[in-house]
Amino acid sequence: MTEGTDKKTSNFIRNIVDQDLSAGKTQQVHTRFPPEPNGYLHVGHAKSICLNFGLANDYRGICNLRFDDTNPSKEEQEYVDAIQADVKWLGFDWDDRLFFASDYFEQLYQYAEHLIVNGNAYVCHLDGEQMRSYRGTLTEPGKNSPYRDRTPDENLDLFRRMRAGEFEEGACVLRAKIDMSSPIIQMRDPAIYRIKKVHHHRTGDDWCIYPMYDFTHCISDALEGITHSICTLEFENHRPLYDWILDKLPVPCHPQQIEFARLNLTHTLMSKRKLLALVEEGHVAGWDDPRMPTIAGMRRRGYTPESLREFCERIGVAKADSTVDLPLLEFCVREDLNAHSPRVMAVLDPIKLVITNYPEDQVEELDAAYFQDNKAWGSRSVPFSRELWIERDDFREDNPKKWFRLAPGQEVRLKFAYYVTCQDFVKNEAGDVVEIHATYDPATRGGWSNDGRKVKGTLHWVSAAQALAAEVRLYDTLFLDPNPGSVKDVPLSEMINPDSLRVVQAWVEPSLAEVEAGHRVQFERTGYFCVDPDSKRGRPVFNRTVTLKDSWAKIEAKLNA
RNA sequence: UGGGGAGUCGCCAAGCGGCAAGGCAGCAGGUUUUGGUCCUGCCAUUCGAGGGUUCGAAUCCUUCCUCCCCAGCCA
């Protein structure tokens with residue numbers, strides 16, 4: 001991707017890097033993005049990806065992609081593949097630096113033996129419950145395990161037998177020998193290896209013991225020559241352990257761990273566990289459901305990589321817990337889509353408009369620019385005829401104040417076509433308006449007149465006879481609560497916005513018959529849409545990425561207030 | 001009431017002793033064949049609170065308050 005040459009607002013991590021560079025502590029910035037392949041990546045990961053890869057790009061350094069795959073019972077190859085696709089789609093490249101913590105298993109094992117030989121680790125047979133009680137509490141120190149003072153030889157023998165599969169799962173673990181009375185809980189002899197007789201997606205059945213995160217991560221960083229190991233705030237408590245392990249081992253270098261606040265977004269759940277539940281319980285159609293905050297979901301929804309990167313740039317990086325307003329994300333998407341989406345016409349909630357003075361069988365082909373603000377984008381031709389579909393919401397029987405769309409006696413412009421004046425409307429027995437009658441002014445072909453007439457309203461439309469039927473999926477936030485993550489003891493099913501997905505049968509202009517999945521357009525006056533993979537030839541399916549801003553809605557709200 | 005972090009505009013966020021950047025949202029106008037875009041203007045005498053140091057403090061010291069994280073053989 002292109003090098004970041006524009007000035008970025010500073011943040012505490014850039015300040016640290018600047019200092020390290022000028023002090024000569026760091027020659028070349030080397031970061032890494034270390035996902036665990038136990039789920040799909042979400043916007044929160046996007047923030048981390050942009051931070052790690054972005055920092056490397058900006059400082060002419062490098063960034064590795066490393067899978068933290070030390071817990072085979074939760075990890076799958078499907079996730080490994082999806083994660084790589086998502087990082088690439090976001091616009092980042094790890095070149096030949098694709099790594100897996102599992103590639104270091106043998107090396108890690110040797111380091112564990114090194115710890116044992118030096119009296120810094122021991123095999124402990126306390127079971128889970130005993131471990132917990134020996135650990136003490138937040139305010140009381142723990143007490144030493146009865147197995148803590150075994151000799152290195154004894155421990156080495158036991159650990160080798162663990163590796164050989166002589167013990168059952170849970171029978172024992174390897175623990176770092178640190179300090180059971182440390183006020184830092186994670187320093188109270190943390191487990192660093194446990195027995196798991198589970199098939200690993202990459203190492204198969206080679207191992208029945210697997211290293212824990214704290215042991216694996218710092219060593220992996222050191223082996224790869226990482227200079228700045230950036231992670232989220234909850235690992236701040238682990239930093240003393242990160243440093244302790246590296247200090248006890250003959251590793252090639254000692255990376256600096258730096259913690260930043262993870263991203264929270266209003267109306268959005270960011271916990272992988274809960275996202276998994278949404279998928280498994282069937283509340284959404286899958287990890288790439290367009291309502292999901294996953295990168296895959298957002299991609300399907302129509303978000304662009306540029307907009308996501310811009311968003312990550314604008315939210316900044318700091319250490320204070322924060323929750324970003326969803327409108328900022330929407331702003332970033334609109335900003336990019338506005339500059340890159342061709343405009344086309346689609347009527348989502350149709351009502352018939354009959355041009356009573358237009359010839360019965362006549363069909364005109366009108367030239368319609370794909371983007372009037374930039375004619376270089378070219379145009380297509382759109383059929384116009386006596387019977388059209390227009391948006392139900394563009395007609396008001398009562399002609400409210402400040403309303404300049406269609407209403408009895410009012411003249412509006414049909415974009416690219418003619419000025420029309422509403423003469424009449426037809427209601428059904430239930431009292432609903434079902435058809436609108438209007439007359440057109442033939443002198444306004446193309447949608448313009450030079451007589452200085454003031455026509456404030458411009459409507460989009462589709463010729464009824466030529467209109468193409470399309471399915472349109474309208475999305476709203478998946479959750480009604482602005483902070484779903486903080487809601488306790490309420491099942492997901494009750495938290496979901498019942499209107500998060502509304503499927504509508506729309507009429508779209510015929511030029512859209514052959515669009516390819518992934519194609520993005522703006523439906524004039526309505527919003528930005530992206531063609532879904534579910535589309536069939538001649539029967540497209542559109543996902544609404546984001547609506548256009550609607551200032552009439554605000555005016556109307558004030559009028560009604 | 002152990003330890004580790006954080007508190008600057010409704011939401012993010014710069015600032016690191018010299019007198020409160022920027023963005024989003026909001027508000028008021030202008031332009032407009034999208035009530036979109038774009039453009040213009042407004043939007044923290046104040047930085048969690050109280051003391052103190054200083055000619056001068058959001059920035060230093062101090063006391064207090066609030067919030068987040070840690071007691072997985074998860075990451």
Side-chain angles (χ1 to χ4, degrees), chain A residues 9-11 15 34-36 38 68 70-71 73-75 124 126-128 131-133 135-142 169-175 181-188 190-196 209-210 212-214 216-217 231-240 259 261 266 272-273 313-332 334-335 338-339 343 345 368-369 371-373 402-405 413-417 419 444 446-448 455-460 522-527 547-556:
Chain A
T9 52
S10 84
N11 62 53
N15 292 159
E36 182 191 9
N38 66 343
D68 227 328
T70 58
N71 185 357
S73 40
K74 290 184 177 176
E75 297 152 6
C124 180
L126 253 27
D127 65 32
M131 268 262 226
R132 200 179 318 128
S133 69
R135 189 151 32 223
T137 69
L138 293 178
T139 52
E140 298 160 331
E169 280 190 22
C172 52
V173 296
L174 181 68
R175 292 226 256 168
S181 62
S182 171
I184 306 159
I185 308 278
Q186 26 288 297
M187 294 297 267
R188 318 240 264 228
I192 55 178
Y193 262 92
R194 77 290 215 189
I195 297 168
K196 266 183 181 288
I209 56 171
Y210 292 94
M212 302 281 291
Y213 166 84
D214 286 306
T216 309
H217 205 88
C231 61
T232 44
L233 249 28
E234 66 269 28
F235 292 101
E236 210 152 20
N237 298 320
H238 296 238
R239 196 169 62 226
E259 311 84 10
T266 56
K272 265 195 193 176
R273 206 195 91 245
E313 195 55 48
R314 286 180 188 250
I315 57 178
V317 179
K319 295 196 70 159
D321 291 311
S322 61
T323 302
V324 175
D325 264 344
L326 191 57
L328 176 59
L329 210 211
E330 296 183 332
F331 168 84
C332 293
R334 289 193 185 106
E335 182 185 46
N338 173 56
R343 274 61 170 167
M345 296 197 285
F371 187 33
Q372 283 189 312
D373 295 354
K402 296 186 181 176
W403 174 261
F404 37 85
R405 278 123 89 154
R413 167 170 37 240
L414 293 180
K415 186 146 183 156
F416 305 123
Y419 291 178
T444 58
W448 184 249
V455 178
K456 289 215 264 182
T458 298
L459 312 188
H460 60 280
Q522 182 198 100
F523 284 167
E524 292 269 4
R525 305 206 304 134
T526 309
T547 61
L548 250 33
K549 291 214 306 196
D550 186 354
S551 58
W552 162 250
K554 283 184 188 174
I555 295 170
E556 188 179 38

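Values below: every heavy atom of this structure, side chains too, minus hydrogens, waters and symmetry copies. Order of the sequence lines sets the chain letters (A, B, ...), proteins ahead of strands, with each chain counted from 1.
The shortest distance between side-chain heavy atoms of Asp68(A) and Glu75(A) does not fall below 4.5 Å. Looking only at side-chain heavy atoms (C-beta outward), Asn71(A) and Arg194(A) come within less than 4.5 Å of each other. Counting only heavy atoms from C-beta outward, the side chains of Phe331(A) and Arg314(A) approach each other to under 4.5 Å. Taking the side chain as every heavy atom from C-beta outward, Arg175(A) and Met131(A) approach each other to under 4.5 Å. Residues Asn237(A) and Ile185(A) fail the side-chain proximity criterion, which asks for heavy atoms closer than 4.5 Å. Looking at heavy atoms from C-beta onward, Val324(A) lies out of side-chain contact with Leu329(A) at the 4.5 angstrom threshold.
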### Task
Output, in order, the C-alpha distance, side-chain angles, deciding distance and verdict of side chain to side chain contact (heavy atoms under 4.5 Å, CB included) for Asp214(A) and Ile192(A).
CA-CA 7 Å; Asp214(A) 286 306; Ile192(A) 55 178; 5.8 Å; no
### Task
Test His217(A) against Thr70(A) for side chain to side chain contact (heavy atoms under 4.5 Å, CB included), laying out the working first.
CA-CA 10 Å; His217(A) 205 88; Thr70(A) 58; over 6 Å; no
### Message
If you apply the rule side chain to side chain contact (heavy atoms under 4.5 Å, CB included), what do you find for Trp448(A) with Arg413(A), and how did you get there?
### Response
CA-CA 8 Å; Trp448(A) 184 249; Arg413(A) 167 170 37 240; 4.0 Å; yes
### Message
I'd like to know whether Glu524(A) forms a side chain to side chain contact (heavy atoms under 4.5 Å, CB included) with Phe416(A), so could you lay out the CA-CA distance, the side-chain angles of the two residues, the decisive distance to 0.1 Å, and finally the verdict.
### Response
CA-CA 12 Å; Glu524(A) 292 269 4; Phe416(A) 305 123; 4.1 Å; yes
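Taking side-chain N and O atoms only, Thr9(A) has no distance below 4.0 Å to OP1 or OP2 of rG23(B). Of the side-chain N and O atoms in Ser322(A), one or more sit less than 4.0 angstrom from OP1 or OP2 of rA13(B). Between Asn71(A) and rC73(B) there is no side-chain polar atom (N or O) within less than 4.0 angstrom of OP1 or OP2. OP1 and OP2 of rG72(B) both lie 4.0 Å or more from every side-chain N or O belonging to Arg175(A).
Between rC16(B) and rC61(B), the distance separating the two P atoms is 16 Å to the nearest Å. Separating the C1' atom of rC11(B) from that of rC64(B) is a span of 28 Å, rounded to the nearest Å. Rounded to a whole angstrom, the distance from the P atom of rG51(B) to that of rC69(B) is 32 Å. The P atoms of rA71(B) and rU62(B) are separated by 31 Å, rounded to the nearest whole Å. Between rA44(B) and rG2(B), the distance separating the two C1' atoms is 38 Å to the nearest Å. rC9(B) and rU46(B): their P atoms are spaced 13 Å apart (whole Å). Nucleotides rC27(B) and rG50(B), compared at atom C1', are 36 Å apart to the nearest Å. Rounded to the nearest Å, the gap between the C1' atom of rU37(B) and that of rA21(B) is 26 Å.
Residue Tyr213(A) contributes atom OH, which lies 14 Å from atom P of rC70(B) at whole-angstrom precision. Atom-to-atom, CD of Glu313(A) to P of rG22(B) comes out at 17 Å; the value is rounded to the nearest Å. Remark: C1' of rC70(B) and CD of Glu234(A) are 11 Å apart, rounded to the nearest angstrom. Rounded to whole Å, atom P of rG4(B) lies 13 Å from atom CE of Met187(A). Note: CE (Met345(A)) to P (rG36(B)) measures 19 Å, nearest angstrom. Per the geometry, CD belonging to Glu335(A) stands 12 Å off P belonging to rG23(B), to the nearest Å. The CE-P distance, from Met212(A) to rA71(B), rounds to 11 Å in whole Å. Going from atom NZ of Lys74(A) over to atom C1' of rC73(B) covers 12 Å, rounded to whole Å.
Among the heavy atoms of the strands, none lies under 4.0 Å from Tyr210(A). Leu459(A) comes within 4.0 angstrom of no nucleic acid atom, judged by non-hydrogen atoms across all strands. Note on Leu326(A): nothing from the nucleic acid sits closer than 4.0 angstrom, heavy atoms only. The residue Tyr193(A) sits apart from the nucleic acid: no heavy atom pair falls under 4.0 Å. Using a 4.0 Å heavy-atom distance criterion, Thr323(A) is classed as a sugar-phosphate-only contact. Looking at heavy-atom distances under 4.0 Å, Ser73(A) makes no contact with the nucleic acid at all. Among the heavy atoms of the strands lying under 4.0 Å from Val317(A) are primed sugar atoms or P, OP1, OP2 only; no base atom is included. Residue His238(A) is in base contact, counting any heavy-atom pair closer than 4.0 Å across all strands shown. Here Val324(A) lies in heavy-atom contact (under 4.0 Å) with sugar-phosphate atoms only. Here Leu138(A) lies in heavy-atom contact (under 4.0 Å) with a base.
The side chain of Glu236(A) sits closest to rG5(B) out of rG5(B), rG7(B), rC16(B).
Going from atom CZ of Arg273(A) over to atom NZ of Lys74(A) covers 9.5 Å, rounded to the nearest 0.5 Å.
A salt bridge links Glu236(A) to Lys319(A): one of the charged nitrogens lies within less than 4.0 Å of a carboxylate oxygen.
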### Query
What does nucleotides 24-34 of chain B look like as a protein-contact string, B for base, S for sugar-phosphate only, - for none, at under 4.0 angstrom between heavy atoms?
S-SSS----BB
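Each of Asp550(A) and Asn38(A) was assigned the nucleotide of RNA chain B with the nearest heavy atom; the assignment lying further toward the 5' end belongs to Asp550(A). Of the two residues contacting RNA chain B, namely Asp127(A) and Thr139(A), the nearest-nucleotide position lying further toward the 5' end is that of Thr139(A).
For rG72(B), the base is syn relative to its sugar; the glycosidic angle is within 90° of 0.
A stem is defined here as three or more consecutive Watson-Crick or G-U pairs, each with both distances under 3.5 Å; for RNA chain B these stems are B:2-7 with B:65-70, B:10-12 with B:22-24, B:26-30 with B:38-42, B:48-52 with B:60-64.
Residues that satisfy the ring-ring contact (aromatic ring centres under 6.0 Å, His included) test with Phe523(A), not counting sequence neighbours, are Phe529(A), Phe542(A).
Below the 3.5 angstrom threshold, one finds no donor paired with an acceptor across the side chain of Asn237(A) and the base of rG5(B).
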